Student: 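Dropping a structure here in structure tokens format, bear with me for questions.
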Number of protein chains: 2
Amino acid sequence: MAERVHAYHHGDLRTALVEEAAAMISEGGAASVTMRAIGSRLGVSRGAPYRHFPDKTALLVAVAVAGFKRLNRCLGSGDAEASSSSVERLRRMGEQYVRFALEHPAHYRLMYGKEALERQDQPELRKAAGALLENLVDVIRVHQQSSEIETADPRAQAYVAWSAVHGLASLLIERQIDPNVDVDDLIRQTTQTILDGMRGRSPD
Amino acid sequence: MAERVHAYHHGDLRTALVEEAAAMISEGGAASVTMRAIGSRLGVSRGAPYRHFPDKTALLVAVAVAGFKRLNRCLGSGDAEASSSSVERLRRMGEQYVRFALEHPAHYRLMYGKEALERQDQPELRKAAGALLENLVDVIRVHQQSSEIETADPRAQAYVAWSAVHGLASLLIERQIDPNVDVDDLIRQTTQTILDGMRGRSPD
DNA sequence: TGGAGAATGTTGACTGGGTCAACATACACC
DNA sequence: GGTGTATGTTGACCCAGTCAACATTCTCCA
């Protein structure tokens, strides 16, 4: 069922479609993904994908969901392998987040670009992105308990932190940031600013 | 030259195209913008737009540039009319930024979505976005001089601030944020966190 | 074992939409 | 008034999404 050398039936076309679409996105951007081209690359006809996805949007949503899962894994591992302070762990999460976006720019764009995925709410996508947020909220909550940062609504703080890293990632990907700027410095400065800002305000 | 009731020649089709495209984007998203539809809405044939823009991308770039100018105006006015403290002015700029995005979500998306505008660098777009950054840098510099915030590279701080508001705007537009969350609170908390973070870190 | 029905692929055809080339009209300016 | 340029129009072409009709293979049960 897994390996199929020559066949009228592909074996696991659905999975292959998602992987191939992701690869094409990485190579030539989302615009280069064509139902016809993707089929052809998999040695299958243009109509075949429609046996697994009702339309192109559905396929792209699946790709985006896969991206969120991958990103989640990156962040999770980064968080786990760090035995350092909780602040350090948060900083590292932020860095990994931005780095993921820089390594897979087109994929990242797709994940957040509801534009290409119009249509209603795409519950799967929402769930995948939600998992990301939940992880962040959990980490922030833990860090609040270690009283290293101000005790405030952890969800709101998570949104703020998410906004900062997502915004930075987005601006970098869209080349809105002067290429002479040191990206690593900028990432560090961003996470540092957020962490400082969360720690509570100095008296006016 | 301005008013033309009936005419083979439209009068100022170029301007009209940009405005109409912006309107269509607001109404139905960027996907609803079609060279044919836009021409039809202006009572002109499908080929007419090509006398003013080499292709659809060029038209969309013009729309995006117009968006940046409009956003710049919003922020500028917001900054000017505030006679309050410099911190307060920065905060207001952040709020106006996010509010602009929420009021013109599809247009905002287009401004930052190089996806739809593929192709090389679009110098006009770069310049329009650059103006935004310069304004922010200027304001931050002034505020540093009034010694209300830490003296650091104002450009880097501008990028951090821009990232935060852009990220928040983007997440809100893409509905990644729980609709039960109070948007105004979130905006305030984001700008506040950034301002606190810029103000310098409390000793560890 | 031999279908029957369900999955999965293939092909032809239609549509919408970007774009170009050839042609038409209007304007500007001499 | 005439000519060259700017601006519009129309016909045609191509790509890509998608559906319907048909083909092949698979699964599974009598």
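Every value quoted in this text rests on a predicted model; they were computed, and no experiment measured them. Residue numbers begin at 1 in each chain, while the letters A, B, ... track the order of the sequences.
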Student: With sequence neighbours excluded, what pairs up with B:Q176 under the side-chain hydrogen bond (donor to acceptor under 3.5 Å, both in side chains) test?
Tutor: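 Residues passing side-chain hydrogen bond (donor to acceptor under 3.5 Å, both in side chains) with B:Q176: none at all.
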
Student: Nearest heavy atom decides the nucleotide; on that basis, is A:V33 or B:P49 closer to the 5' end of DNA chain D?
Tutor: B:P49

Student: What N/O pairs connect the protein and nucleotides 4-6 of chain C at under 3.5 Å? Give each pair on its own line.
Tutor:
none

Student: In whole Å, what is the span from the CG atom of B:D55 to the P atom of C:dT19?
Tutor: 5 Å

Student: Whole angstroms only, please: what is the CG-C1' distance between B:L59 and C:dT19?
Tutor: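 Interatomic distance, CG of B:L59 to C1' of C:dT19: 14 Å.
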
Student: Starting at atom CG of A:L17, determine the distance to atom C1' of C:dT8, rounded to an integer number of angstrom.
Tutor: 12 Å

Student: Show me the side-chain donor-acceptor pairs of residues 128-137 of chain B shorter than 3.5 Å, one per line, residues at least two apart or across chains.
Tutor:
| residue | atom | partner | partner atom | Å |
| --- | --- | --- | --- | --- |
| B:E134 | OE1 | B:R155 | NH2 | 3.4 |
| B:E134 | OE2 | B:R155 | NH1 | 3.4 |
| B:E134 | OE2 | B:R155 | NH2 | 3.2 |
| B:N135 | ND2 | B:N72 | OD1 | 2.7 |

Student: B:R51 CZ to C:dA24 C1': how many Å, rounded?
Tutor: 11 Å

Student: Would you call A:R126 and B:D178 a salt bridge, taking side-chain N to carboxylate O under 4.0 Å as the test?
Tutor: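 Between B:D178 and A:R126 there is no salt bridge, as every charged N stays at least 4.0 Å from the carboxylate O atoms.
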
Student: For C:dG9, take OP1 and OP2 only and decide whether either is under 4.0 Å from a side-chain N or O of A:H52.
Tutor: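 Indeed, a polar side-chain atom of A:H52 lies that close.
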
Student: Rounded to the Å, how far apart are A:K56 NZ and D:dT18 P?
Tutor: 8 Å

Student: For the side chain of A:Y50, starting at C-beta, report the closest nucleotide among D:dG8, C:dG18, D:dT18.
Tutor: D:dT18

Student: Going by salt bridge (charged side-chain N to carboxylate O under 4.0 Å, His left out), name the pairs with one or both residues in residues 23-36 of chain B, residues two or more places apart or in two chains.
Tutor: B:E27-B:R41

Student: Taking only Lys NZ, Arg NE, NH1 and NH2, and the carboxylate oxygens of Asp or Glu, determine whether B:R99 and B:D184 approach each other closer than 4.0 Å.
Tutor: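 Yes, B:R99 and B:D184 are salt-bridged.
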
Student: Measure CZ/A:F53 against P/D:dG17 and give the value in whole Å, please.
Tutor: 15 Å

Student: With distance as the sole test, does A:K127 use its side chain to make a donor-acceptor pair with the main-chain N or O of A:V65 at under 3.5 Å?
Tutor: no

Student: Got a sec, which residues hit salt bridge (Lys or Arg N to Asp or Glu O under 4.0 Å) with B:E19, two or more places apart in sequence or on another chain?
Tutor: none

Student: Classify the angle between the aromatic ring planes of A:H166 and A:Y108 as parallel (below 30°), tilted (30 to 60°) or perpendicular (above 60°).
Tutor: tilted

Student: For A:V63, is there any backbone N or O sitting under 3.5 Å from a side-chain donor or acceptor partner on A:H107?
Tutor: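 Yes, the answer is positive, given that a donor and an acceptor are paired below the 3.5 Å cut-off.
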
Student: Nearest-Å distance, CG (A:L60) to C1' (D:dA16)?
Tutor: 13 Å

Student: What are the residues of residues 34-43 of chain B, sorted by number, that bring a heavy atom to within less than 4.0 Å of DNA chain C?
Tutor: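 When residues 34-43 of chain B is checked for heavy atoms under 4.0 Å from DNA chain C, the hits, listed by number, are B:T34, B:M35, B:R36.
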
